[in-house]
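Since the structure is predicted, the reported quantities are computational estimates derived from the model, not experimental observations.
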Amino acid sequence: MELTVPERRRSRQGMRQWTPSLVSENKRFDEFASKVISVSHTEAEDYDQSDLPQPNSEIRNNPPPGGRDSTLQLLQDPGSRRETKSGLWKPWLWEIVNCCLLLISLFAILATLYPHDGQPLPQWPLSITINALLSIYTVVMKANMLLILASGIGQLQWSWFLHPRPLKDLVRYREAAEGPIGSISWLYRHHIRQPLTALAALIMIAAVGVDPFIHQLVQPVDCKQPDTTSLPSIPRTNYLSYDTGSFPSDLLGSIASGYYTPRNLSDFTCSTGNCTFSTEYSSLAYCSVCEDASDTVQIEEHCMILQDGKVKPGSCYQSDLAKGASLTTWNITTTLTAASERLSLNYYYNIDTKSLNVTTPKQNIFGIGKIARRLDTSDGGNTISFISLGNDMGIILAKTDSSFSPYDPSSNSHGIRMGCDDAATNNTWWCRLYGASTCSLQPCVRSYVANVEDGRLTETLVSQSEANMTWGYGESTSTSGLISLQNFLSLVDTQCINDAERQNLTAAGYTISNDTRWLPYNLTFNPRIDSPANATFPESLLAHRCLYTLDAPFNSDIWTFMLDQFMIGIVQSEYPEGILQPSYIGPTQLLSMFDLYHVNETTINNAMGKLADAMTLWIRAHGHPSHSERAVGEEFRSAICVKVNWDWVALPATLTGLTLAFFFLMVISTNRQQLPIWKGSPLTLLFHGPGGMDWVNPNLVAASPRPLVETALMTDRGMREFADRVTVRVTNEEDESLCFRQVEPRPTRKRTPSGIGLMNLGKKEAGNDDLEYSDI
């Protein structure tokens, strides 16, 4: 029997007064509700329907007007509540769309960043930045991720309630689906008792870190970008021309300054101050090579001693002398025998036996001599049988009286020198107190790469031809007609020549080995004559920059006019009157190399290397104009570039993968348990809750304005469509408490030919406040 409005008011007042009859009636509903919550879905279907509060007989016997038979059947027939077979994935259409958008947002992040990694910041319309796009992608990613998780958590709650659970777990599931705080609460309460829900909660919590991780992906850095407005260049040459008798006056100054203070190449162009010359380029140069020849040194010792008032030959070692005897003369000759010519340095020290004064105030202790170097040119029908290649250098640290009573300049004392008590170091120049070396300073070809950064050039030597390598010799008639003969020294780079030139060289009798890059070549043409780019062999060798040559007289004149004065000489020691420690005199460059007896093979190599570098810089800047095409590099301008820290994409990518895996496993689990697809809909509790459907008054259910797509209330869509026809409100009349109840639908406006009128979908007229209610 349906209660009238006044009766319902009195009923609620009686409930507040705990009327026993009403309490017992409601207790019946509570007991059933407890059973529904506490048992599985299958068990609920088998529950005795007589225990359910039945819809009143008036509804059953008086179907609502307006064609509402389907509504009454929907409320009365439990079988109509079963889910229709709509396929495994169809109920999850929107979630699948969310999954696609989630993947698209992740790939959009990668596709945006990858092409701009290491590139300048893009200049997009409306000043849109990469970070702005990433923020949009992140919003889309998180929104779709959270929608998938919320839907999945909502669906998993029905699986959770297949077993007896506290009713409050409905609230916990709702809060877990709403955000990370609810997820933390759920994990704290239930841990991993429901693994899929726990996984979703963890993803929900970790998703908080997606924004900072995305922001860490992009880092602006200073970078350099190619600038094609100009081409940087660096000097190099294939040919050094030289006229005999006109030795360049500036060469000595260049070598002297480079010997003391090594200089970098300054004649380069790079307008932006940032350039690279990554392609290897080669140039005619000078190289040095030194070899330690101490093992070939011969020592001749002739000493005089004073004993019993007489001067006679004796041992040079004080320890070998008889008591009362003393040394008066040291005559020691140190001879370098490894070179083609013997070089000797004599140390002579004499004391007047009567006055005990030193009669030889200066003693030779260190020197550099020259050893002639010639090239045999008698083979091949040349006009001359040999040419001078200048000189090699013999460097000698002479054995002196200090060898018998070593003096350590670092400690200003006599005895064993510091560091020489170890047998492993006793054979060094410092410990042995003598040594010798041979050095060669000859033309070569050097290959470089270079880099200019902030206007400073750094040139790196990649390779070079051997300094002692014998170059090819060639002769040619003069172009001026005043000189009948010119001779040249030449090398060919076999890695540079083409196949035709290789065949011509082989046909000319040259043996080209894959293991040897540099080939001595006997020049047969005059390199002073310009060679066009399409020149034929052998001029093509020079036109293609594969031939390196210089006028042979330069190699000998550089000794005659420069190196003889600059490097050849002697360092002497002397004992000023009244001073027991010696001082050293000689050319400044030799004193620098001698370095208070600290000279050794390493310091000699360094000194010769600085000479070669200084000469190379001068040659590269003074090559023949027709054969000194500059090396070209790439110029860069400063810019702000995008640096992508790819490690930071790990969290968004991982969460995306986990979200998709969660969704897939959740759908499979729901299908296996044969649960209806209710998701997190609140309509589930209204239509399938403890009170069932008895609160719905079919007389107040509006007719459907369109054909129903889904009529089963066991689906989320079916519940939505039916709920669209039910009107409810929260009421608070007179002394009643707030109550959520079904009411008669409000009239809707319908457009008619005469204008807009009202269409009454219920029994009461529009605007009548005395609506019919049905309690929920």
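Not counting sequence neighbours, the partners of E459 by the salt bridge (Lys or Arg N to Asp or Glu O under 4.0 Å) test are R620. Remark: H624 engages Y239, H627 in a ring pair (Phe, Tyr, Trp, His ring centres under 6.0 Å) (not counting sequence neighbours). By the salt bridge (Lys or Arg N to Asp or Glu O under 4.0 Å) test, R342 pairs with no residue at all, sequence neighbours left out. Among residues two or more places apart in sequence or in another chain, the ring pair (Phe, Tyr, Trp, His ring centres under 6.0 Å) test is passed with F366 by F594. With sequence neighbours excluded, the residues satisfying side-chain contact (heavy atoms from CB on, under 4.5 Å) with I387 are L375, T377, I384, L389, Y473, N487, L489, A552. In terms of the side-chain contact (heavy atoms from CB on, under 4.5 Å) criterion, residue partners of T460 (sequence neighbours excluded) are, by chain and number, V449. Residues passing the salt bridge (Lys or Arg N to Asp or Glu O under 4.0 Å) test with R236, sequence neighbours excluded: none. Listed by chain and number, the residues in a ring pair (Phe, Tyr, Trp, His ring centres under 6.0 Å) with F247 are F561 (sequence neighbours excluded).
Using modelled atom types and a 3.5 Å distance limit, the side chains of Q363 and S573 yield a donor-acceptor pair. For the 3.5 Å distance criterion, the side chains of T458 and N451 fail to qualify, holding no donor opposite an acceptor.
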Would you be so kind as to tabulate the donor-acceptor pairs closer than 3.5 Å made by side chains of residues 259-267, with sequence neighbours excluded?
| from | atom 1 | to | atom 2 | distance (Å) |
| --- | --- | --- | --- | --- |
| Y259 | OH | Q589 | O | 3.0 |
| Y260 | OH | Q589 | N | 3.1 |
| Y260 | OH | Q589 | OE1 | 3.1 |

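For CG of D250, the number of neighbouring non-hydrogen atoms (other residues, nucleotides, ligands) closer than 6.0 Å is greater than 12. Other residues, nucleotides and ligands contribute more than 12 heavy atoms inside 6.0 Å of the CD atom of E574. Residue Q565 qualifies as enclosed at atom CD: its count of foreign heavy atoms under 6.0 Å is above 12.
Listed by first and then second residue, the disulfide (SG to SG under 2.5 Å) pairs involving residues 537-569 are C496-C546 (not counting sequence neighbours). Residues in residues 603-615 take part in these side-chain hydrogen bond (donor to acceptor under 3.5 Å, both in side chains) pairs, two or more places apart or across chains: R446-D613. The salt bridge (Lys or Arg N to Asp or Glu O under 4.0 Å) analysis of residues 542-571, with sequence neighbours excluded, yields the pairs K370-D564, R528-D551, R545-E629.
Classified by interplanar angle (parallel below 30°, tilted 30° to 60°, perpendicular above 60°), the ring pair Y347/Y349 is parallel.
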